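If you're wondering where the values come from, they're calculated on a predicted model, not measured in any experiment. Values below: every heavy atom of this structure, side chains too, minus hydrogens, waters and symmetry copies. Numbering of residues begins at 1 and proceeds along the displayed sequence.
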Amino acid sequence: MVEIFKTSDTGEFLHLDRIEKDCWVSLTAPNPKELEEVAEITGVEIEALRAALDEEERARIELEDNYHLILVDSPEIETELVDDQERKRYITMPLAIITAKDIVITVTLRETPILHFFKTGKIKDFFTYKKTRFILQVFYRVATVYLQYLRVINRESERLEDKLKESQRNLEIMEMHELEKALVYFTTAIRSNETVYEKLLKTEKVKRYPEDEDLLEDVIIENRQALEMANIYSGILNSTMDTFSSVISNNLNSVMKALATVTIVMSIPTMIASFYGMNVPLPGQNQPYGFLVVLGIAGLIACIVALIFRKKDLF
């Protein structure tokens, strides 16, 4: 899908039908025909437009003579049905920003909430003709969304931790594992974005105004804060998972120990009964109360063994 936006001289945010100077072209999961048309009009190589359409594409910056490509990883939420219940998955998706011939082009695999804020005019001081400012505003929004999702992940992990304290179920453990994976993805993506931002800060090929320097520094600060939070939450979640693994293993050992003790205690009457089931003369077998005596002796020995195990905390 191709959408074209432009800020007019009066500050009005317009939705256009064709590409013109100082506009913003938004490509969302574009088809080959749309890519060819945009490439022909803007002069951007089609390979650059396709860069963000590969989920495994790494964050990077390419400064060509007729266009600049900046690709970062943005956070996204996917929902999937598991046992007729919706489950959220936190992932990262490539987001490409290309500047060429007084035009800004964004390319994404699917609709993203980061660009949705710009399309709906919810971003303050956003103008399509201020290309560098637009790029930095997108990066700032990416960093803030990372922070927002990280706080949500932290609250989710605390909720699951409270549930696991009551009952160690597989569902909560798998959800904790999904959050652990999300934090790994986020940490890797944020670190890659930091490299792009620092390279953008050092390069002189991307034209910046004095007010843009402050915004770029804010982007780097927010991104570093997101990276620090991701590392902290990842460490806490890893520690929590290790703790619950130890608790589950300890509970299993306690159950196995109790079952082994019960097996030993119950084997004593069985062993004595086996002796008296043999077809050989045995003491007391002709006595009127021989069965009760043997039964009482077996029970007494079993109780004594049980008390010994009890004192050794094996029961």
- Closest heavy-atom pair and its distance - Y146, A226: CB-CB, 4.1 Å

- Is any side-chain heavy atom of R60 less than 4.5 Å from a side-chain heavy atom of L69? yes

- Message: So, taking the atom named CD in E180 and the one named CD1 in I153, what distance separates them when rounded to the nearest 0.5 Å?
- Response: 11.5 Å

- Please report the shortest heavy-atom distance between V72 and A59, naming the atom on each side. CA-CB, 4.0 Å

- Note on the structure: Taken to the nearest 0.5 Å, the spacing of L216 CG from L136 CG works out to 5.5 Å

- Decide whether V184 and I190 are clustered together by the hydrophobic rule: side chain heavy atoms of Ile, Leu, Val, Met, Phe, Trp, Tyr closer than 4.5 Å, transitively. no

- Query: Residues two or more places apart in sequence or in another chain: which of them pass side-chain contact (heavy atoms from CB on, under 4.5 Å) with K6?
  - Reply: L16, E20, D22, C23, T128

- Query: Are L53 and V44 joined in one hydrophobic group, where the rule is that I, L, V, M, F, W and Y side chains link up if heavy atoms are under 4.5 Å apart?
  - Reply: yes

- Item | From CD1 (I236) to CG (N231), nearest 0.5 Å | 11.0 Å

- Query: At what distance, to the nearest 0.5 angstrom, does CD1 of I98 lie from NE2 of H68?
  - Reply: 12.0 Å

- Query: Hey, mind stepping through L160 and L179 against side chain to side chain contact (heavy atoms under 4.5 Å, CB included) and telling me if it holds?
  - Reply: CA-CA 10 Å; L160 293 173; L179 294 180; 3.9 Å; yes

- Item | Pairwise distance CG(N31) to CD(E37) - rounded to 0.5 angstrom | 8.0 Å

- Query: What's the shortest heavy-atom distance between N223 and E194, and which atoms?
  - Reply: ND2-CB, 3.3 Å

- Message: Between F134 and L95, is there shared hydrophobic-cluster membership here, with clusters defined by ILVMFWY side-chain heavy atoms closer than 4.5 Å?
- Response: yes

- Test item: Q225 and L150 side chains (from C-beta on) under 4.5 Å apart, heavy atoms: no

- Message: Please enumerate all residues that pass salt bridge (Lys or Arg N to Asp or Glu O under 4.0 Å) together with R151, with sequence neighbours excluded.
- Response: none

- Compute both the distance and the angle, then confirm whether R141 meets the cation-pi test with F117: under 6.0 Å from the six-membered ring centre, within 45 degrees of the axis. yes

- Should the pair Y197 and F139 be assigned to parallel (<30°), tilted (30 to 60°) or perpendicular (>60°) ring geometry? tilted

- Single-linkage hydrophobic cluster, 4.5 Å side-chain cutoff, I232 and L147 together: yes

- Counting only heavy atoms not in E40, do more than 12 fall under 6.0 Å of its CD? no

- Message: Are there over 12 heavy-atom neighbours, none belonging to M256, within less than 6.0 Å of that residue's CE?
- Response: no

- Between Y90 and Y185, is the ring centre distance below 6.0 Å? no

- Quick one: do E156 and R159 make a salt bridge, cutoff under 4.0 Å? yes

- Shortest non-hydrogen separation from N154 to S157 and the atoms involved: O-OG, 2.7 Å

- Task: Any chance you could measure E47, atom CD, to L49, atom CG, to the nearest 0.5 Å?
- Result: 9.0 Å

- Query: Should N238 and S234 count as side-chain neighbours, where that means a heavy-atom distance under 4.5 Å?
  - Reply: yes

- State plainly whether one hydrophobic cluster holds both I61 and V219, where clusters connect Ile, Leu, Val, Met, Phe, Trp and Tyr through side-chain heavy atoms under 4.5 angstrom apart. yes

- Backbone of M1 reached by a side-chain donor or acceptor of E34 within 3.5 Å: yes

- Atom CD of E228 with >12 non-hydrogen neighbours under 6.0 angstrom: no

- Query: How close do P94 and D73 get, heavy atom to heavy atom, and via which atoms?
  - Reply: CA-OD1, 4.0 Å

- Message: Can you confirm whether V138 sits close enough to I97 that some side-chain heavy atom of one is under 4.5 Å from a side-chain heavy atom of the other?
- Response: yes

Mind listing the side-chain donor-acceptor pairs of residues 104-114 below 3.5 Å, one per line with the distance, residues two or more places apart or on another chain?
| unit_1 | atom_1 | unit_2 | atom_2 | d |
| --- | --- | --- | --- | --- |
| T106 | OG1 | W24 | NE1 | 3.0 |
| T108 | OG1 | R110 | O | 3.1 |
| E111 | OE2 | K119 | NZ | 3.3 |
| T112 | OG1 | E76 | OE2 | 2.7 |
| T112 | OG1 | I114 | N | 3.3 |

- Query: So, are R50 and E57 salt-bridged, with charged N and O less than 4.0 Å apart?
  - Reply: no

